[in-house]
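The next block holds one structure in the form of structure tokens; read it before the comments.
Just so you know, residue 1 is the first one in the sequence shown, and it goes up from there. None of these values were measured; they are calculated from a predicted model.
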Amino acid sequence: MLRGVNKQIIEIKDTDSRYFERALLFVRPEFADMGPGQLEQEANKYLATVGRPPTAWTAAKGSRPGPGLSRKPVRSHAARLAMVRRRRRLIAVGGLGIVLTAAALLLVYFL
């Protein structure tokens, strides 16, 4: 709730979005003297650039992605190779830890 704030607000009722019903845009004080038609035009331009909700919202709801919306970002070849190397290193370190733990237990058991 806002109290004691004097702001010019533009409400867009038709957002042309299947996700959002309305949009409220708070006008910056330096542009408050612009005409309402010009402000509404700028608001519609801005909403056209916003386009769609983040992927996490649609994935959390379990819905299918719309056109141009992918669930995972595409990784470059170098990024995939780095990820594979990190996994291999982690597996090697884990295996070494298991071997060293087993050797220590055997030493304790036989001594």
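Within the 4.5 Å cutoff, the side chain of Val93 has no heavy atoms near those of the Ile91 side chain.
A pairwise comparison of heavy atoms in Ile12 and Ala43 identifies CD1-CB, 3.9 Å as the closest pair.
Rounding to the nearest 0.5 Å gives a distance of 12.0 Å between CE of Met34 and CD of Glu40. To the nearest 0.5 Å, the span separating CD1 on Ile10 from CD on Gln41 amounts to 11.0 Å. Put simply, CD1 on Ile9 and CG on Leu39 are 12.5 Å apart, with the number rounded to the nearest 0.5 Å.
In the hydrophobic clustering, where aliphatic and aromatic side chains (Ile, Leu, Val, Met, Phe, Trp, Tyr) are joined below 4.5 Å either directly or transitively, Val108 stands alone. In the hydrophobic clustering, Phe110 connects to Leu106, Tyr109, either directly or through intervening members, whenever side-chain heavy atoms lie under 4.5 Å apart. Chaining together hydrophobic side chains whose heavy atoms lie under 4.5 Å apart places Leu96 alongside Leu100.
With sequence neighbours excluded, the residues that form a side chain to side chain contact (heavy atoms under 4.5 Å, CB included) with Glu11 are Lys13, Arg22, Leu24. Take Glu42 and apply the side chain to side chain contact (heavy atoms under 4.5 Å, CB included) test, not counting sequence neighbours, and it matches Lys45.
For the side chain to side chain donor-acceptor pair (under 3.5 Å) condition, no pair includes a residue of residues 82-100, sequence neighbours left out.
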